[in-house]
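This report concerns only the one structure given below.
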Amino acid sequence: MARILFLDDDPVRCARFAALYAEARVVMTAPQAIAALRSSAWEIASLDHDLGGKYYVDSARDDTGMGVVRWMVDERPAVGHVIVHSFNDQGAGLMVEALRAAGYRTTRLYFGVDGYPEALPE
């Protein structure tokens with residue numbers, strides 16, 4: 001069973017993801033994601049950029065997926081594969097760039113309004 005962390009602020013996407021991946025830990029805020037990353041190793045961490053019901057948020061803020069990424073780059077938690085699934089292309093691009101530069105295996109995943117795909121990237 002895969003250890004999967006899913007960070008997203010949309011309750012519908014969170015519910016759909018949890019239905020697809022019952023073993024996943026679903027969190028909705030940057031502090032919750034950081035606490036989960038501190039607590040154990042993860043095979044997959046899927047991160048959204050914009051949180052708190054806001055759109056196209058400044059990546060310099062700590063209450064974003066980019067804030068989680070900055071913490072990851074500094075603290076180096078054990079994550080086998082990071083998926084960035086944000087609709088915010090600029091924020092997602094910054095996340096992917098920073099994660100790859102830090103040596104994390106990273107995938108940028110685009111998904112439609114229907115939610116997360118049923119198969120995660122290998």
Side-chain angles (χ1 to χ4, degrees):
M1 185 173 351
R3 298 229 354 112
I4 303 170
L5 176 65
F6 184 76
L7 169 64
D8 200 296
D9 65 325
D10 184 292
V12 173
R13 276 195 302 270
C14 288
R16 287 181 179 160
F17 190 87
L20 288 171
Y21 303 98
E23 72 278 13
R25 176 146 178 217
V26 176
V27 297
M28 297 181 76
T29 69
Q32 290 172 337
I34 290 169
L37 289 163
R38 268 193 185 116
S39 71
S40 70
W42 298 90
E43 290 177 45
I44 298 171
S46 188
L47 308 175
D48 188 11
H49 181 277
D50 298 334
L51 303 171
K54 298 180 176 112
Y55 300 99
Y56 302 104
V57 177
D58 184 348
S59 294
R61 293 174 51 159
D62 287 334
D63 61 345
T64 64
M66 187 63 200
V68 175
V69 167
R70 282 192 297 275
W71 180 87
M72 289 176 69
V73 168
D74 288 343
E75 300 297 324
R76 303 297 179 139
V79 179
H81 186 179
V82 182
I83 298 169
V84 176
H85 67 261
S86 182
F87 286 111
N88 180 335
D89 284 332
Q90 181 179 6
L94 292 171
M95 291 169 69
V96 168
E97 182 179 306
L99 288 161
R100 287 181 179 162
Y104 283 101
R105 180 172 167 231
T106 307
T107 300
R108 171 72 167 103
L109 181 65
Y110 296 87
F111 59 92
V113 294
D114 290 334
Y116 213 84
E118 292 187 24
L120 292 173
E122 301 262 336

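This one's a predicted model, so the numbers in the text were calculated from it and none came from an experiment.
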Taking all non-hydrogen atoms of both residues into account, name the closest pair between Ala33 and Val68 and its distance. CB-CG2, 4.0 Å

Please find the pair of heavy atoms, one from Ala30 and one from Thr64, that lie closest to each other, and give the distance. CB-O, 3.8 Å

Compare all side-chain heavy atoms of Tyr104 with those of Pro77 and state whether any distance is below 4.5 angstrom. yes

Trp71-Met95 co-clustered via ILVMFWY side chain contacts under 4.5 Å: yes

One should read off an interatomic distance between Phe17 CZ and Ile4 CD1, to the nearest 0.5 angstrom, of 5.0 Å

With clusters defined by side-chain heavy atoms of hydrophobic residues (ILVMFWY) lying less than 4.5 Å apart, directly or transitively, does Val57 cluster with Val27? no

Transitively linked via ILVMFWY side-chain contacts under 4.5 Å: Val79 with Tyr21? no

Rounded distance [0.5 Å steps], SG in Cys14 versus CG in Asp9: 7.5 Å

Who pairs with Ser59 by side chain to side chain donor-acceptor pair (under 3.5 Å), at least two apart in sequence or on another chain? His49

Met66-Leu37 co-clustered via ILVMFWY side chain contacts under 4.5 Å: yes

Who passes salt bridge (charged side-chain N to carboxylate O under 4.0 Å, His left out) against Asp58, sequence neighbours left out? none

Side chain to side chain donor-acceptor pair (under 3.5 Å) partners of Ser39, counting only residues at least two apart: none

Rounded to the nearest 0.5 Å, what's the gap from CG on Leu47 to CE on Met72? Could you check? 6.0 Å

By salt bridge (charged side-chain N to carboxylate O under 4.0 Å, His left out), which residues pair with Arg61, not counting sequence neighbours? Asp63

Side chain to side chain donor-acceptor pair (under 3.5 Å) filter on Arg70, not counting sequence neighbours, yields Asp62

In Å, rounded to the nearest 0.5 Å, how long is the span from CD1 of Ile44 to NE2 of His81? 7.0 Å

Spacing of OG belonging to Ser40 relative to CZ belonging to Arg25, to within rounding of 0.5 Å: 7.5 Å

Ignoring hydrogens and angles, tell me if any N or O in the side chain of Asp50 forms a donor-acceptor pair with the backbone of Tyr55 under 3.5 Å. no

For Arg108, side chain to side chain donor-acceptor pair (under 3.5 Å) partners two or more places apart: Asp89

Applying side chain to side chain contact (heavy atoms under 4.5 Å, CB included) to Leu7 and Leu51, what does each step give before you reach the verdict? CA-CA 9 Å; Leu7 169 64; Leu51 303 171; 4.0 Å; yes

Has the side chain of Thr107 got a donor or acceptor atom that lies under 3.5 Å from a matching backbone atom of Leu109? no

Distance from Arg13 atom CZ to Phe6 atom CZ, nearest 0.5 Å? 7.0 Å

Flag yes if Trp42 and Ile83 sit in one hydrophobic cluster, no otherwise; membership is Ile, Leu, Val, Met, Phe, Trp, Tyr, and two members link when side-chain heavy atoms are under 4.5 Å apart. no

